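Presented below is the structure to which this report refers.
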2 protein chains.
Amino acid sequence: MCKFFLTYANTSSYMNNTTLKKISEILGLSISTISRALKNHPDISDKTKQRVVELAETLDYEPNANAINLRTSNSKLFGLIVPSISNWFYNAFIASVEEESRKNGYSLMILQSGDDPLIEITNLKLCRQNRITGLFVCISPDTTNIEPFLKLKELDIPVIFFDKVPEINNCNKVCVADSLSATMAANAIVNKKKKKVLGIFGNPHLLITKKRLEAFQNTINEKVNKIKLITDHASSSVEAEEIMLRHLKEKPDTIFCMSDEILIGAMKVVQQKGLKVPQDIAVITISNGGAPKLYYPEITYVETSGHKLGKLAFSSMMACLGGSTFIQELTIESLLVEGGSL
Amino acid sequence: MCKFFLTYANTSSYMNNTTLKKISEILGLSISTISRALKNHPDISDKTKQRVVELAETLDYEPNANAINLRTSNSKLFGLIVPSISNWFYNAFIASVEEESRKNGYSLMILQSGDDPLIEITNLKLCRQNRITGLFVCISPDTTNIEPFLKLKELDIPVIFFDKVPEINNCNKVCVADSLSATMAANAIVNKKKKKVLGIFGNPHLLITKKRLEAFQNTINEKVNKIKLITDHASSSVEAEEIMLRHLKEKPDTIFCMSDEILIGAMKVVQQKGLKVPQDIAVITISNGGAPKLYYPEITYVETSGHKLGKLAFSSMMACLGGSTFIQELTIESLLVEGGSL
DNA sequence: CTGAAAGCGCTAACAC
DNA sequence: GTGTTAGCGCTTTCAG
């Protein structure tokens with residue numbers, strides 16, 4: 001006991017943490033016995049277990065994750081790198097991955113890159129230094145070199161690319177159905193017998209934009225061109241607002257927005273001009289579901305669910321961890337959610 | 001060299017990570033020399049440093065954070081527990097804290113409680129197990145027992161409560177100016193000579209609601225009651241919508257919303273009824289700034305900035321870490337941001 | 001059923 | 001300038 005109190009008095013502030021050693025000294029047992037007792041190992045007698053568990057609780061013992069990771073080389077920690085968490089879609093994705101992680105005994109280290117490739121690399125280093133078990137990553141549009149990410153595979157750390165994925169083949173990707181979503185939106189417009197559509201798309205350099213634009217155009221145009229289609233590109237809500245304002249003179253009867261960001265810009269103009277939706281102008285968008293519910297009537301949208309994508313990414317991760325070396329490119333289905341805007 | 005390759009071949013997959021030992025074996029130097037060289041220690045000769053750094057880069061060395069933390073008892077890791085990241089205000093707060101953390105060489109572990117006290121405790125344990133250096137926490141409304149959080153102080157881990165803080169005194173808190181914000185909004189309404197105000201407030205059990213309601217009422221009423229004030233409570237956007245619909249018959253000329261959530265509900269009704277803002281009805285809200293910009297005209301709001309609060313929380317944390325034992329209750333100033341809605 | 005001992009990767013006296 | 005050594009807290013053979 002004397003030794004115990006001596007140790008106790010000696011410790012620096014940080015050392016107030018209870019350790020196996022401390023418990024073992026108080027109980028007069030070995031460290032390994034304490035360790036086993038706390039994990040409910042069959043070798044240990046029930047009486048011993050009880051004594052140990054009791055004291056551990058009294059002393060508010062929490063295992064040192066660093067020591068465990070160091071010893072076992074199994075951090076039970078996932079990394080998640082995303083351009084920004086201030087986004088409905090990524091919010092939903094993260095919430096979903098986090099929930100699954102927690103349920104499966106993993107923690108999640110969430111890092112934002114702010115669409116800066118340099119910060120992205122810093123974040124990646126951080127993940128590596130913390131010896132993450134696996135990585136979920138959505139690369140920024142300006143990321144040209146994905147080598148650092150692929151290097152993780154040499155270390156047997158699975159990498160699941162999500163949403164914005166590299167254009168190479170030998171990696172795991174989970175995506176929303178870009179082409180299909182745009183096609184579904186286009187079909188919904190066709191079915192409503194619309195005549196003149198303004199399609200506002202995102203940054204033309206992004207793969208997602210190219211895919212959605214192409215699919216949308218094709219679907220609209222293959223209907224023996226009875227529908228007039230105007231398309232334009234906006235990289236922000238404010239740009240979308242300007243574009244909307246400019247093209248309104250051409251009297252479109254329907255607006256298609258490629259994303260929430262664009263929808264928000266377009267809807268400001270709808271409010272500004274006092275347009276009635278859908279009488280004066282019909283609106284349809286592609287969305288995770290947050291933005292369309294801001295308006296009256298609620299906007300009809302093709303749902304690309306961040307939540308579902310998160311679940312998919314997680315199961316893909318678990319498959320990799322389970323030993324699957326099968327490279328997968330997975331896509332979640334989209335769904336038309338009818339509001340009153342079309 | 002033989003030994004090196006043997007080791008290499010032997011290692012399990014995870015062990016592909018380069019370690020100081022591996023470098024030391026290849027270079028025929030001791031581990032400590034490598035360690036020093038990599039930290040640019042003055043004792044080490046420039047030639048040695050160069051050789052070491054070069055090989056480390058070739059081998060893609062990343063220090064093992066777990067080993068360092070274990071050894072130094074300094075994790076350079078902050079924990080952040082928040083009800084939800086799907087929220088403009090918390091988004092801004094987190095982004096701000098994360099940025100500051102990164103700039104100061106810390107990482108951030110973001111955890112969501114989903115307003116569930118049980119998950120909150122799980123998250124807290126996780127933080128402790130990872131031996132965080134400090135904690136930022138916004139408690140959920142249902143959290144009754146804050147003892148576990150205060151216990152961190154015994155371990156010399158600073159805790160900064162933010163936004164939703166406990167009602168006790170001996171802890172560090174950073175908050176937005178609840179009463180003042182409501183007062184400012186009320187004054188803005190008074191200055192515009194409005195006659196009949198509908199104030200929609202949040203969940204009546206929350207401290208934030210009580211404070212804002214009281215300040216708002218007092219300010220409106222002290223103007224020799226020329227202004228008629230109707231107040232009601234909504235716990236969600238949908239409820240706000242219903243309340244708005246119900247009270248519209250009483251013909252208020254101004255709507256005050258306590259939060260983004262409520263604003264969104266109220267604005268759906270404005271759209272539904274085709275009301276002109278501010279001619280038919282004026283609107284003012286308290287917000288971080290995201291939601292008011294969704295509408296045309298943009299909504300006038302009293303800004304309670306998540307970004308500023310994050311900065312404040314961080315500096316408060318650094319003060320604690322710097323040895324300050326001074327318990328602080330800090331508040332950020334609010335600011336009236338004029339849109340066109342009042 | 002319990003203990004002793006080695007070692008995960010790293011840092012920091014302390015030697016020389 | 002460089003090496004030796006001990007030890008952070010934990011798991012896990014191997015012995016008894």
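Every heavy atom of this structure was used, including side-chain atoms; hydrogens, water molecules and symmetry mates were not. We name chains A, B, ... by the order of the sequence lines, and we start the count at 1 in each one. Computed from a prediction, not measured in an experiment: that's the story for all the values here.
Close to D:dT2, at under 4.0 Å from its OP1 or OP2, lies a side-chain N or O of B:Ser45. Residue A:Thr33 places at least one side-chain N or O closer than 4.0 Å to OP1 or OP2 of C:dG3. For the pair B:Thr48 and D:dT2, the criterion of a side-chain N or O lying under 4.0 Å from OP1 or OP2 is met.
Ring planes of B:Phe161 and B:Phe149: perpendicular class, angle over 60° (limits at 30 and 60°). Using cut-offs of 30° and 60° on the angle between ring planes, the pair A:Phe136 and A:Phe78 is perpendicular.
Among all heavy-atom pairs drawn from B:Ile110 and A:Glu98, the shortest one is O-OE2, 3.7 Å.
Judged by distance alone, with hydrogens and angles left aside, A:Arg131 brings no side-chain donor or acceptor close enough to the base of C:dG9 to form a pair under 3.5 Å. Taking only distance into account, the side chain of A:Ser32 meets the base of C:dA4 through a donor-acceptor pair shorter than 3.5 Å.
The distance between atom CD1 of A:Ile23 and atom P of D:dG9, rounded to the nearest whole Å, is 12 Å. Straight-line distance from the CG atom of B:Leu20 to the P atom of D:dT4: 15 Å, rounded to whole Å. Nucleotide D:dT2 holds its P atom 17 Å from the NZ atom of B:Lys39, rounded to whole Å. Between the NE2 atom of B:His41 and the P atom of D:dG3 there is a distance of 14 Å, given to the nearest Å. Rounded to an integer number of Å, the gap from NZ of B:Lys21 to C1' of C:dC8 is 10 Å. The distance from atom CZ of B:Arg36 to atom C1' of D:dG3 is 8 Å, rounded to the nearest whole Å.
Comparing B:Leu29 and A:Glu62, the nucleotide of DNA chain D nearest to each residue sits closer to the 5' end for B:Leu29. Each of B:Leu70 and B:Ile44 lies near DNA chain D, and the nucleotide nearest B:Ile44 is the one positioned closer to the 5' end.
No side-chain donor-acceptor contact under 3.5 Å links B:Ser35 to the backbone of B:Ile31.
Each of D:dG1, D:dG9, C:dA4 was ranked by its minimum atom distance to the side chain of B:Asp43; first place goes to D:dG1.
The pair A:Lys151-A:Glu147 fails the salt-bridge criterion, with no side-chain N (NZ, NE, NH1 or NH2) lying under 4.0 Å from an Asp/Glu carboxylate O.
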